[in-house]
There are 2 protein chains.
Amino acid sequence: MTTTRGRIDKRQAILEGAFTVFAREGYAQACVQKIAQEAGVAKPTVYNHMTDKATLFRHAMEAAARTVLDERIAALEPLADPGADLRATLEEVAHALLRLHTDGRSCALRRLLFSEITHFPDLLEIVQDSGPDRLRQALADRLARLALTGRLRTTDPDLTAEQFLALLLGPLEARTRLGTRTLPDPELRTMAGDTVESFLRAWGAA
Amino acid sequence: MTTTRGRIDKRQAILEGAFTVFAREGYAQACVQKIAQEAGVAKPTVYNHMTDKATLFRHAMEAAARTVLDERIAALEPLADPGADLRATLEEVAHALLRLHTDGRSCALRRLLFSEITHFPDLLEIVQDSGPDRLRQALADRLARLALTGRLRTTDPDLTAEQFLALLLGPLEARTRLGTRTLPDPELRTMAGDTVESFLRAWGAA
DNA sequence: CTTATGTTGAACCCATGAGTTCAGAAACTA
DNA sequence: TAGTTTCTGAACTCATGGGTTCAACATAAG
């Protein structure tokens with residue numbers, strides 16, 4: 001404690017500590033005392049920056065969501081210019097998405113969002129719109145380019161993107177036991193391969 | 001209140017009331033007082049049947065999971081003897097599964113399971129093993145029969161079943177806004193159709 | 001009628017935790 | 001150095017809620 005650094009990033013420390021504790025304990029069980037402790041800060045300091053436990057939660061979720069989203073969008077980058085081997089590029093992207101999706105932060109974010117969605121309906125706009133929706137959108141854009149150059153045969157890139165993501169990420173829930181089990185990397189590779197295999201069988205160019 | 005009926009089903013009423021309140025409020029926010037009220041019972045009566053709030057939760061979840069599972073397995077029935085039109089049968093089953101999966105009880109069950117999985121790890125065995133896993137197993141059995149009679153071309157029914165369910169149920173999360181929005185039936189029909197379309201393109205017999 | 005079991009409402013104990021107050025200590029500003 | 005802002009720790013208030021107790025009551029069996 002008493003890591004007396006600059007004051008500007010106290011807020012940052014609080015948000016990170018808050019997310020850590022919320023992720024570990026859940027919203028209701030997480031007490032502000034522990035959050036302050038996790039952030040290396042006194043309890044009143046927390047209330048200096050955030051009026052409420054609720055708004056603290058909102059801001060922590062928002063911050064976590066932003067970083068998670070950025071990583072995921074970045075993972076689509078290879079599709080912007082796929083080489084000759086489309087399958088390999090798809091598998092690479094699929095594998096990257098799987099790793100990001102099974103990351104502890106990502107799992108915790110989804111779990112918290114899911115569990116508190118009834119008490120914080122506004123989290124949906126804050127997190128979801130800037131999460132899966134944007135990812136699907138970005139992927140759809142990539143796929144549309146591929147369709148235009150004849151490397152995929154689809155007339156509905158949005159649907160195709162939705163199905164690719166469903167095929168890829170759907171099995172994760174059961175396999176990771178709702179995020180309580182971490183999958184070995186070879187299994188992720190296999191899943192990426194299986195997904196791309198079926199995806200190309202359905203949508204690949206002749 | 002004071003619906004003084006037989007004593008045998010007090011337990012049943014408590015379990016149902018408990019699930020209702022847990023679903024509405026979440027585990028931590030649900031207070032036993034309200035559960036008792038919802039079940040039309042006095043608080044000490046609840047503690048007569050269940051030692052703890054925790055075990056009350058476990059039993060309520062278990063009971064809810066059992067009914068949900070039974071419905072889902074039953075929805076696969078048409079696949080036991082698909083008529084000449086395999087596509088139509090698959091669409092029928094897909095549509096039934098979508099409706100069950102978007103049901104309020106089902107959504108609430110998944111949300112509670114997801115949110116409390118860190119505090120009640122044993123729920124995984126109680127609920128999950130008898131949930132998605134058994135459903136996938138049952139579907140894989142059906143698909144294997146179809147493969148044997150040449151109506152599907154797959155060598156791995158388990159993977160195929162997993163992908164069918166992923167393709168079907170994966171998009172639900174985003175579309176129902178994590179279960180906070182109910183989808184109109186025509187949209188469910190469209191989703192079932194899209195799923196079967198892609199599924200057959202990847203796995204259908206020539 | 002009597003006894004045993006289960007239910008009821010109300011009151012109670014007690015732990016937890018949100019949010020506040022305050023006096024003093026850093027730390028940054030000038 | 002003096003002044004302003006922020007942080008700190010500890011103690012405090014207060015509401016919530018888990019779990020229990022108890023005396024009165026209902027019911028069913030013998």
Side-chain angles (χ1 to χ4, degrees), chain A residues 1-62 112 115-116 118-120 122-123, chain B residues 1-62 112 115-116 118-120 122-123:
Chain A
M1 72 291 292
T2 71
T3 63
T4 322
R5 306 208 321 262
R7 270 75 180 281
I8 313 103
D9 46 15
K10 282 277 164 69
R11 183 190 181 91
Q12 190 59 27
I14 290 172
L15 288 179
E16 285 176 13
F19 184 77
T20 301
V21 176
F22 281 135
R24 194 171 53 226
E25 322 253 1
Y27 175 74
Q29 286 86 347
C31 70
V32 179
Q33 187 71 257
K34 277 206 186 143
I35 291 175
Q37 180 180 333
E38 177 80 28
V41 139
K43 188 162 71 145
T45 304
V46 174
Y47 285 100
N48 270 0
H49 290 260
M50 306 286 172
T51 67
D52 253 341
K53 187 183 177 184
T55 64
L56 171 59
F57 181 63
R58 265 183 265 263
H59 284 112
M61 289 290 280
E62 193 175 354
L112 282 171
S115 53
E116 301 306 327
T118 53
H119 301 81
F120 297 89
D122 51 316
L123 278 184
Chain B
M1 71 285 302
T2 73
T3 61
T4 322
R5 306 209 318 267
R7 270 74 179 282
I8 314 101
D9 47 14
K10 281 279 163 68
R11 184 190 181 91
Q12 190 60 25
I14 289 172
L15 289 180
E16 286 176 14
F19 184 78
T20 301
V21 176
F22 281 134
R24 195 171 53 224
E25 321 254 359
Y27 175 75
Q29 286 86 348
C31 70
V32 179
Q33 186 71 257
K34 278 208 186 137
I35 291 175
Q37 181 180 333
E38 177 81 28
V41 141
K43 189 162 70 146
T45 305
V46 174
Y47 286 100
N48 269 1
H49 290 260
M50 307 286 172
T51 67
D52 253 341
K53 186 184 179 185
T55 64
L56 171 58
F57 181 63
R58 265 183 264 264
H59 284 113
M61 290 290 280
E62 192 175 354
L112 282 171
S115 53
E116 302 305 327
T118 53
H119 301 81
F120 297 89
D122 50 315
L123 278 185

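In what follows, every chain begins at residue 1, and chains take the letters A, B, ... in the order their sequences are listed. What you see below is based on every heavy atom in this structure, not just the backbone, and it leaves out hydrogens, waters and symmetry mates.
For the salt bridge (charged side-chain N to carboxylate O under 4.0 Å, His left out) condition, no pair includes a residue of residues 45-56 of chain B, sequence neighbours left out. For residues 13-30 of chain B, the pairs satisfying side chain to side chain donor-acceptor pair (under 3.5 Å) are B:Q12-B:E16, with sequence neighbours left out.
What separates CD1 of B:I35 from C1' of D:dG17 is a distance of 12 Å, to the nearest Å. Residue A:D9 contributes atom CG, which lies 15 Å from atom P of D:dT6 at whole-angstrom precision. The NZ-C1' distance, from B:K10 to C:dT5, rounds to 13 Å in whole Å. The interatomic distance linking B:L56 (CG) with D:dG17 (P) rounds to 15 Å, in whole Å.
One end of the helix from C:dC1-D:dG30 to C:dA30-D:dT1 points its axis 20° away from the other end's axis, with each axis taken from 5 pairs and the angle rounded to 10°.
Of all heavy-atom pairs between B:V21 and B:E38, the closest is CG2-CB, 3.7 Å. Pairing each heavy atom of A:F22 with each of A:I35, the nearest pair is CZ-CD1, 3.8 Å. Closest approach of B:I14 to B:V46, counting heavy atoms only: CD1-CA, 4.0 Å.
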| request: Apply the test side-chain contact (heavy atoms from CB on, under 4.5 Å) to residues B:K43 and B:Q37: give CA-CA distance (whole Å), side-chain angles for both, the deciding distance (0.1 Å), then the verdict. | output: CA-CA 8 Å; B:K43 189 162 70 146; B:Q37 181 180 333; over 6 Å; no
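The side-chain contact (heavy atoms from CB on, under 4.5 Å) check on A:N48 picks up nothing, with sequence neighbours excluded. The side-chain contact (heavy atoms from CB on, under 4.5 Å) check on A:A60 picks up A:L15, A:A18, A:F19, with sequence neighbours excluded.
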Check nucleotides 14-18 of chain C for protein N or O atoms closer than 3.5 Å to its own N or O atoms and list the pairs.
residue : atom : partner : partner atom : Å
C:dA18  : OP1  : A:A30   : O            : 3.1
C:dA18  : OP1  : A:K53   : NZ           : 3.0
C:dA18  : OP2  : A:V32   : N            : 2.9

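Comparing atom distances between the A:P44 side chain and each of D:dG9, D:dC7, C:dT7 picks out D:dG9 as nearest.
Residue A:H49 has a polar side-chain atom (N or O) positioned under 4.0 Å from OP1 or OP2 of D:dC7.
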